[in-house]
Student: 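Next up is a structure, given as structure tokens.
Residue numbers start from 1 in every chain, and the chains themselves are labelled A, B, ... in the order their sequence lines are given, proteins ahead of strands.
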Amino acid sequence: MKQKFRKYTIGIISIILLSLTSCNDLDQIPTGQFTDETYWYSTEKASYVLNMAYNQMMGDGYFFANEALSDNIFVCRSSDEKFISSGIANATTGRFAGEWADCYGGIRTCNTFLENVDRVPDMDVTLKARMKAESRFIRASLFFRLATWYGSAPLFEHNLTVAESKAIGRSSHEDMLQFVRAELDSAAKSLPASYIKTDIGRVTSGAAIALKARTYLYENDWTNVVSTCQQIIDSKEYSLFPDYAGLFSIANVHNAEVILNIEYVPTLRTWSQYFDFAPPSAGRRVNQQAPTQELVDNYLTLNGDSIRATSSGYNENDPYVNRDPRLAATVLFDGGIYKIIDIKTAAIKDSIINIKPGSGTVDEYKSGSGNNSLTGYYMKKYYDPSYTGSFNSGLNLILIRYADILLMYAEAKNETDSKLDEVTWNETIRPIRARAGFTTSNALDYKAGWTKEDLRKIIRSERRSELALEGTRIFDIRRWKTAQDVLNGYPHGAKYGSPSVDNGYIRLDKRSFNPNRDYLFAVPQAQKDLDPNLGQNPGY
Amino acid sequence: MNISKITNSKQEHRRWVFSIFVFLLFIGSMNLSAQNRKLTLSMEKVSLRQLFNAIEKQSEYKFLYRDIILDDKKDLSIQVEGKEITYILDQVLPAKELQYKIQGNNINIIRKTTVSVGTPVTVKGTVLDETGEALIGVSIVQKDSPGNGKITDMDGNFSITIPTGAVLAVSYIGYLSENVVVKDGKTLKIKLSEDVKTLDEVVVIGYGTAQRKSVVGAVDQINSKKIEDRPVANLAQALQGVSANLTIQTKSMNPNDNQLNINIRGVSTMNNNDPLIVIDGLVASLGSLNQLNPSDVENISVLKDAGSAAIYGSRSSNGVILVTTKKGKIDTKPVIRMNSLVGIQSPDVLFRPVAGYENAILKDQAAYNTGNTLPYSPEQILDLQKNGAGSQWFLDEILQNALQQNYNVSLSGGSTSSTYMVSAGYVNQRSNFVSGTKPSYGMERYNFRTNLVNQYGKFKLTTIMSYNRSESNSPNANVGNLMVDGSRIPNYYYYKQKAPNGHYLINDVLSQFTPLASLEAAGFNKYDTDYLNGSIAGEFKVFNGLTAKALVGIDLYANHRSSRGLEVAYYSSAEATAPSIMQNIGGSTSDWNQKANTINTQFLLDYDRTFDLHHVSGLLGVSNEAYSSYSNEIWMNYVDSNIGIPTSETALAGNMGGGTTPMGTTLSDIASLFGRAAYSYNDKYYAEVSFRYDGSSKFAKANRWGFFPSVSAGWRISSESFMESYKKNVGDLKFRGSYGVLGNQNIGDYNFLTVYNTYNNTYAFNGTTVSGTGFKLGNPVISWEQSANFNIGFDATFLSDKMYASFDYFNKVTSGILLNPVNPSVLGTAVGMQNSGKMQNRGWELTIGYRAKTGEFSHNVSLNLADSKNEVLVFTGNEVIHSNDDMSQIIRVGTPIASYFGYKTEGYFKSYADIQNSAIPVGLDASQLAPGDVKYIDINHDGVIDPKDRQILGNAFPRYTFGATYDLTWKGFDLNMLIQGVGERTMYLRGELIEPFHANYSYTMYQHQLNFWTPTNTNARWPRLSLSGSTSDQNNYGYSSDVHVLNAAYLRLKNIAIGYTVPKRITSKFGVQKLHVSMNAQNLLTLSPLTFFDPESTEFGNNMGGTGGSGANSGRSYPTLKYVGFGLDLEF
């Protein structure tokens, strides 16, 4: 009896204890995150996924790093881009893996949006159609990036399963471009030509057409470049912004020249690359990359001649006077002006920056210094003196602008026709030069004596000067197949070097470009290991 | 007048207490039990052993005897009713040539000796312990006439009349008995040494205790002695080197973030390898371990194998650390103990820059070597040399010696039915970083504890309450930055951090901020933690052998951080009127609060009974553990520069942020049912099974529950009759083995769900930011990691228990390791963890202890040596390579996890011809290389060094770890030493400590880099000098290669203490029972092939970076600290 009583007591106590003890349930869901069951219930939340796709479309890092891959920039510190331009990149180089992963990350976001947006109850049909088109534009732009860098890459229109991701092969370059163009065509139909107010900055039909023009340009498909650019020109949606330097100023974002850009907002969504680009007196951290002498030399003198031309009036000892005004808007050279913020008063004032050795300033060029520019030049385009904190700028970065369309058009016309004619010149190069600040007829007027080859040189040089530091140069020299010429050998800095070497121009670390290999990025080694069907590009 | 009165009354009180004490002991020695219980026995044909067991069962008596003196003949029959123990023993023992002696509840059975017949003399003497302290209350008994006995007085003196030639048995609880033959009336000085009682030691195991001799699992127990006198700020530091295969790596000695890796038996999962921490029966966090006051710890058990750990099931696969805090003792008078340790910690930076002018010469040499213009002219070099005296290394300027103080006071004692232990502790460890005029950096901790045990008949109540508070003030700067910015500036006289007028200066190397200004003026991070730990445990003796226990415990954390970033103005020179750059523009304020609690409830039924030679025990329990954490955070930029409150600028969008409680909430729960059954026969054969059934909220419903069983067995072979002579001549020997399946679920919550996270300011349209959503795919099928754990070992004693040895071999295979799957990037997103990895981890551990006495010296040596080696068995894609900052590591099937990976070298190019004829890295221009540059091995002989030539370069997990302690006492003096180290380990170091003028980032060379290749020094340690960015530099340092790989084996004199106990006859005059003074030193000496950097430093956590890899070690950690200080122990 006593035993029985004890047994019951123990049993009851243990049941009570067990029920009392469960302070938290074994079923737990996060309190600060949504789950698949709770997410797709409003238009607003669906739009957040599309916003993420915009975020993944392109970043400031690649925007400036792409320029660092070209001959416009010398990379002063160790980076993947330096590896690549030194010819020592291999299939394990971080940039190759990063670009691949970032593109597919964005593609997943687009596909997730496209596959789930129909779950949202009571969504406005027109809005849904537009948002789907935006999403498809972004996805197409990412596949285009993959096709451009890697030649061919996996192509798909739905979210892959883990198993699929481990077996998928690469689609051909042509198939990828075909898909991209078809998607852009379809997006162009559903997208408006422009937006009002709160939606400014979303992709437009013009952006879709302009991107499509690029897909032809990179293939040297001149006929289609002409016809596609013609569509944009004829649309009259876009025009050149009158002030070249002002084009890259925060006061003039969303001006009529901008076709597609990356959107930023001061203090809230910013980029801070100039922390590692600006001159010391502007309060930079280090100098990551600096313009080369080769870029500086590309700028014409004010009378429209190349500095090599005897008629140019170029003086090697006073090299920065009487030059294409775009030089001063793009590059900071010795004696140039930079907008320096007074730390105490926050007032912005124009300062003359002295870089020449012996000038005794913090900006002075020092051989072998790691923190100052190794070329004797600093970047200036996109420098935004309205930054907050550590160069946190809210200035938009332009991906495609109207001048680019005009230059593409001019180049394609020169290639398709017998040569660029005066009419087209007057529609393209001339207004671009006039806007840049050239006034002499020698600089502005078409010369009937120019051969097709002369014009090709002029257009290519014009393209370099106009679009320098905007991330396009690397794609130009790759499609022109001139990369092996301009990315081999020593780049140079200003004439601050030993007089016995390269006429006194600073000789910088040697570059190497292997035409049999380096026109394509490597398929990342780790990806190849995970998916044996990917294969590899030649030479890696 | 008053004072003397108090003293007198105190003395009187003491004398009174002492008299009672002596009286009680005297009674004990007169064979009178404290509990005169009457016994009733009715037994037929039993052995003596069975009789003893029967008596033990009926009473509180416990028989102590050496096995060999008992025969196992079943020839006794006894019928008594209500008789005293002495009556029974007097009946049975004489026939067996045995006699007995009763001490309290202990009955010693010894061989009968013949009565001596000599001339009676009066012998006087003193009994002392090993340290020369007088022992009070020692029993002095004529061996053949137990009735003739005395006990020692307060000064350890005795006087006894005894026949010459007779033997005096000198015995004292806790000490080994001594026999002294009386030859004449000379005064005797008898020394007793402490009884280690290896086999009778009570070992804390999961949910209970066991005697050492019956333990069949791999359990190591560390007693308070090994921890108490260590001048450390936390418990984990004190555990380094004291137990085999308990590997503790100090990642940072910074008092503000004491980063430690704790591994028991190496690495067996790619996830968190933290052992399970259990404090006084309650599962706790690693953080709680370090909140404990080391002085409060009674002992620590380390459960290493499945046999001992399976009772903790789902979380025990990385081993279990059981901490038991001190309790008072029944029937002891109040004892007050005070101890204090005060010392200086000095930073031991092992690298130093070369002199300024030397650096300029070396930089010129590097530039010359690679064809660059020389940066320094002879005039500049001369100038640097002339003014060299005025230069100061920045690192010296920001580091200082720091004070460390530990104080503890405790009061403990007990009555017949209750015990108490109350303690308070205080630790204050200052940072070695300078702090200007502000309150200095460092940490303080206050500990309070009350442990009470009350017994009411069959009911026992244990109440534990402890409160700890720690406060930490740390710089608003990253330690790595402070260290590297302090060290990379050359010793040029014109580089200064601060001008005489107080201006903080920048220069062309440090163009953003300097470490001195960051420390002095850039703000602070203040952390404080209130930690409350309490438990109430009730025990009820239901009936003979069965105890019911219930326990409720709570761990309550309140964490808080308050940070300020202060604006600092930097000037280009002392004369400059306007600052040229600002640090922390606008300043910032931030706060973070977290409240976390774990509520643990347990209900246990414990059964333990002996039937004759059979010992049976069992345990059945249920437990629930609920963890809740709530946190919130707020930060503001652009705040008032003085008091940090918001200004109108703060109100602007983007200058404020944080997270609310719903965003900072984690809830989890584990419910468990567990049990154990053990059987042993005659302390010879042991068998044990245990299990645990756990359900965790970290998994989806269908995969939530896991069952974790284990079996273990032991065999004391030395008790077998055929081993009788071994037992007699050598000692005890026991084999044991175990096998079980343990679990691990130490991963984040909600991995089984697809989650969407919304982020602010993801993109913008028309100048207005919009939110974005990212997602991570869930994996609903994940469940526990399971590790199958095999252990085999032996325990042995030698030289009549003076020496003991214990050896274990283990083999663990962990399968279903929860991995963040490495999926192809084309998938486009992360997927929650999946059970996909498999690892094996094998190893062994050996522990040896030895006690000896040579003359006046007592030695106590213990040594542990262990190894573990892991191997990845299954991994997605078979391998993954992580590259960070020129360092690559690989997870490859068939090799240890996270092995260093890269190119092997074969010295330096000898000549230009050598370069022409050798493979060089792809893309490099041979014409840019020169003799003295690194030559890599082209393992596939394809004429080029490319990724296919990479091989495994080493592994950073310590192998052959060892620890040795040596305690020596001589008269009142004592010496303790702890040596600890690692026999095999590689370290990959990158950055300025390896590469001179690293990446145009470092501007100085260090003295250890001077042995570089030159045409006249071809047998050099380092390649020839070259400038950063040059092809040579890229070739020599730009790849993950063995140029960076260092041998990081070491042997370290971790602790040494010399102490002296002032004789009690002096201290007792002041009412002090014990006064011990000591001098302690830590990390005084390190022997290692790696001479310029702390060989203990590691970039890895306890899972070697897991599957995600780890950043490279740049050698920028907080410096190793040397401690020298004094200790004082007082006991009243």
Student: Could you look at A:Tyr39 and say if it's the side chain, the backbone, both or neither that has a heavy atom under 4.5 Å from chain B?
Tutor: side chain
Student: What's the separation between atom CE in A:Met52 and atom OH in B:Tyr756, rounded to the nearest 0.5 Å?
Tutor: 12.5 Å
Student: Looking only at side-chain N and O atoms, does A:Arg284 offer a donor or acceptor that is under 3.5 Å from a partner on B:Ser511?
Tutor: yes
Student: Name the region of B:Ile881, side chain, backbone, both or neither, that has any atom closer than 4.5 Å to a heavy atom of chain A.
Tutor: neither
Student: Taking every heavy-atom pair that is under 4.5 Å apart, which of B:Leu667, B:Asn823, B:Asp886 has the most such pairs with chain A?
Tutor: B:Leu667
Student: How far does OG1 of B:Thr762 sit from CZ of A:Arg269, to the nearest 0.5 angstrom?
Tutor: 8.0 Å
Student: What part of A:Ile168 lies closer than 4.5 angstrom to a heavy atom of chain B: side chain, backbone, both or neither?
Tutor: side chain
Student: Can you name the closest pair of heavy atoms from B:Thr758 and A:Phe34 and give their distance?
Tutor: OG1-CE1, 3.8 Å
Student: If you look at every heavy atom in B:Asn766 and A:Glu263, which pair is closest and at what distance?
Tutor: N-OE1, 3.6 Å
Student: Quick one: what part of A:Pro30 sits under 4.5 Å from any heavy atom of chain B, side chain, backbone, both or neither?
Tutor: both
Student: Think A:Arg77 forms a cation-pi with B:Tyr1001, using NZ or CZ under 6.0 Å from the six-ring centre and within 45 degrees of its axis?
Tutor: no
Student: In sequence, state the C-alpha distance, the side-chain angles, and the governing distance for A:Asp27 and B:Arg704, and then conclude on salt bridge (charged side-chain N to carboxylate O under 4.0 Å, His left out).
Tutor: CA-CA 10 Å; A:Asp27 292 307; B:Arg704 179 172 291 161; 2.7 Å; yes
Student: Relative to chain B, which segment of A:Lys166 carries a heavy atom at a distance below 4.5 Å: side chain, backbone, both, or neither?
Tutor: both
